[in-house]
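See structure below.
Remember, predicted model here, so these are calculated numbers, not experimental data.
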Amino acid sequence: MPTIETDEHKALRSAVAALGKRHGRAYDREALWSEAAKLGYLGVNLPEAYGGGGGGISELSIVLEELGAAGCPLLMLVVSPAICGTVIARFGTDAQKQHWLPALADGSRLMAFGITEPDAGSNSHRITTTARRDEDTGDWILKGRKVFISGVDLADATLIVGRTEDARTGRLKPCLFIVPRDAPGFTRQPIDMELNAAEKQFELTLDDVRLPADALVGDEDAGLLQLFAGLNPERIMTAAFAIGMGRYALAKAVEYARDRQVWDTPIGAHQAIAHPLAQAHIDLELARLMMQKAARLYDAGDDMGAGEAANMAKYAAGEACVKAVDQAVHTLGGNGLTREFGLASLITAARVARIAPVSREMILNYVSHQTLGLPKSY
């Protein structure tokens, strides 16, 4: 597996970095989203037949990482094209693909993704949002709640993870449904977050939401296969988000350490300052290598291999990001907490990469069980 980027990837990285530099830390989300759409970056992973770039998660992760490194990450890149776009491209009907993919690619429509529930946490087997068939009409009727769903106020529809009953076994299995934002019975309530982000978080209520039969994405019996087709890209893109954030913080710290002079030399000449920054850079680079491996495995169709690598990439990137931000703030001292340098808000934001979309402890569980073959503790 190659570890050096192709010329095409280098060119994409350079072009997106230039876009990010034009917008910078004080970016307007709508303006940046619009320009990224016009340049073809939003749908770089989607099929060319539907207006996309024909690439994969490898390319989309470059876009998000470079925007993050410029201080202007677009969180909805993780959700709309990466999760929802990927699931529809792989499993959607022709009608679903024609309706959604071109619009996701050109940015004219957005989709949110709803899986997390108040009482389920990381246990997807405890999801209580259920979907039942109306035998008379063939419609689906959804009932349940979701929490910490990003960007629902911006989205035209939400891809909801529900559960249907298997007629053969009576057991519940996961299924995916496209729920329009104006569907009767589908309501949202903003969550009061101290985290200051352009994209807000919401609690959703589905109170007997009636959907036509064609709202179901893919095969009713595919279950976890379709679900993880979206969750693996989510982990990879979260890694890209974290790496970009860490790079932004590190660049600010390096610039400050190079210029700031207290005695006879810049503070960056002292190993107590220089070595932790060097370690942060190494950790970010190593996390990027694992992210690239995960993306390439996913794009090559190796879902099993991508699952392991995506979890590892997300873990490594989250840890590297938190350490890079912490060291950057420490390097600047009191200046690291001022609005002028734009680092203080990252202290909280960096924690998200450790928590979402899956905690580091659950990733360690995955590796210990699935990779090392150790017995489960739960």
Side-chain angles (χ1 to χ4, degrees), residues 8-9 11-90 92 94-114 149-160 178-182 188 197-202 217 230 233-234 236-238 240-241 244 295 299:
E8 289 81 3
H9 281 180
L12 175 63
R13 189 177 291 278
S14 177
V16 177
L19 170 65
K21 186 177 180 180
R22 289 198 300 274
H23 287 263
R25 187 80 175 106
Y27 71 106
D28 177 271
R29 193 207 67 83
E30 290 186 11
L32 177 56
W33 187 269
S34 178
E35 186 171 359
K38 290 177 182 177
L39 293 171
Y41 298 148
L42 299 186
V44 70
N45 65 308
L46 300 176
E48 287 185 278
Y50 296 97
I57 296 300
S58 296
E59 289 75 19
L60 192 62
S61 64
I62 289 174
V63 174
L64 182 56
E65 181 192 340
E66 288 304 319
L67 290 178
C72 48
L74 291 172
L75 176 61
M76 293 306 288
L77 278 175
V78 180
V79 181
S80 195
I83 301 175
C84 301
T86 297
V87 169
I88 292 173
R90 285 188 63 175
D94 287 341
Q96 288 169 345
K97 292 176 183 178
Q98 291 172 8
H99 181 77
W100 284 105
L101 295 183
L104 296 181
D106 67 18
S108 58
R109 287 199 182 102
L110 277 168
M111 290 190 78
F113 180 64
I149 310 304
S150 304
V152 180
D153 56 329
L154 306 172
D156 298 273
T158 302
L159 188 61
I160 291 287
I178 298 174
V179 181
R181 63 177 295 156
D182 57 354
R188 64 178 187 265
E199 297 84 6
K200 307 305 179 185
Q201 301 295 313
F202 292 88
V217 177
E234 182 182 33
I236 296 168
M237 291 293 286
T238 301
F241 188 89
D299 291 339

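Taken from NZ in K200 to CG in D153, the straight-line distance is 8.5 Å, to the nearest 0.5 Å. Rounding to the nearest 0.5 angstrom, the gap separating the SG atom in C84 from the CZ atom in R109 is 13.5 Å. A distance of 9.0 Å separates CG in L77 from CD in E199, rounded to the nearest 0.5 Å. From C72, atom SG reaches atom CG of D28 across 11.0 Å, with rounding to the nearest 0.5 Å. Of the inter-residue distances, the one linking L64 atom CG with L75 atom CG reads 8.0 Å to the nearest 0.5 angstrom.
Side chains of L154 and R29 form a contact here, defined as non-hydrogen atoms less than 4.5 Å apart. A 4.5 Å side-chain heavy-atom check between Y41 and L12 finds at least one atom pair inside the cut-off. Side-chain atoms of D106 and L42, non-hydrogen and from C-beta on, never get closer than 4.5 Å to each other. Looking only at side-chain heavy atoms (C-beta outward), I62 and E59 stay at 4.5 Å or farther from each other. T158 is not listed as a side-chain neighbour of R188, based on a closest heavy-atom distance of 4.5 Å or more. The shortest distance between side-chain heavy atoms of I149 and F113 does not fall below 4.5 Å. A 4.5 Å side-chain heavy-atom check between I178 and I88 finds at least one atom pair inside the cut-off. Proximity of P180 to D156: side-chain heavy atoms (C-beta onward) are nowhere separated by under 4.5 Å.
Evaluation of the side-chain contact (heavy atoms from CB on, under 4.5 Å) rule for P47 yields Y50, A89, L101 as partners, not counting sequence neighbours. When the salt bridge (charged side-chain N to carboxylate O under 4.0 Å, His left out) test is applied to R13, the partners found at least two apart in sequence or on another chain are E5, E65, E66. Under the side-chain contact (heavy atoms from CB on, under 4.5 Å) criterion, A95 pairs with T93, sequence neighbours left out. Considering only residues two or more places apart in sequence or on other chains, H99 meets the side-chain hydrogen bond (donor to acceptor under 3.5 Å, both in side chains) condition with none of them. Among residues two or more places apart in sequence or in another chain, the salt bridge (charged side-chain N to carboxylate O under 4.0 Å, His left out) test is passed with E30 by none. R181 is linked by a salt bridge (charged side-chain N to carboxylate O under 4.0 Å, His left out) to nothing, counting only residues two or more places apart in sequence or in another chain.
When atom types are taken as modelled, the side chain of T86 and the backbone of G230 share no donor-acceptor pair closer than 3.5 angstrom. When atom types are taken as modelled, the side chain of N45 and the backbone of L60 share no donor-acceptor pair closer than 3.5 angstrom. Checked by atom type and distance alone, the side chain of S61 pairs as donor or acceptor with a backbone atom of S58 at under 3.5 Å. A donor-acceptor pair under 3.5 Å is absent between the side-chain atoms of Y27 and the main chain of R22, judged by distance alone.
Residues G92 and Q96 share a closest heavy-atom pair of CA-OE1, 3.2 Å. Between A82 and P233 the shortest heavy-atom distance is O-CB, 3.7 Å. L110 and M76 make their closest contact through CD2-CB, 4.3 Å (heavy atoms, listed as atom of the first residue, atom of the second, distance). Closest non-hydrogen pair, G71 versus R25, comes out as O-NH1, 3.5 Å. Of all heavy-atom pairs spanning K21 and A70, the tightest one is N-CB, 3.9 Å. Contact record, A105 with G51: CB-O, 3.7 Å, taken as the closest heavy-atom pair.
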Could you walk me through whether W100 and L46 pass the side-chain contact (heavy atoms from CB on, under 4.5 Å) check? CA-CA 11 Å; W100 284 105; L46 300 176; over 6 Å; no

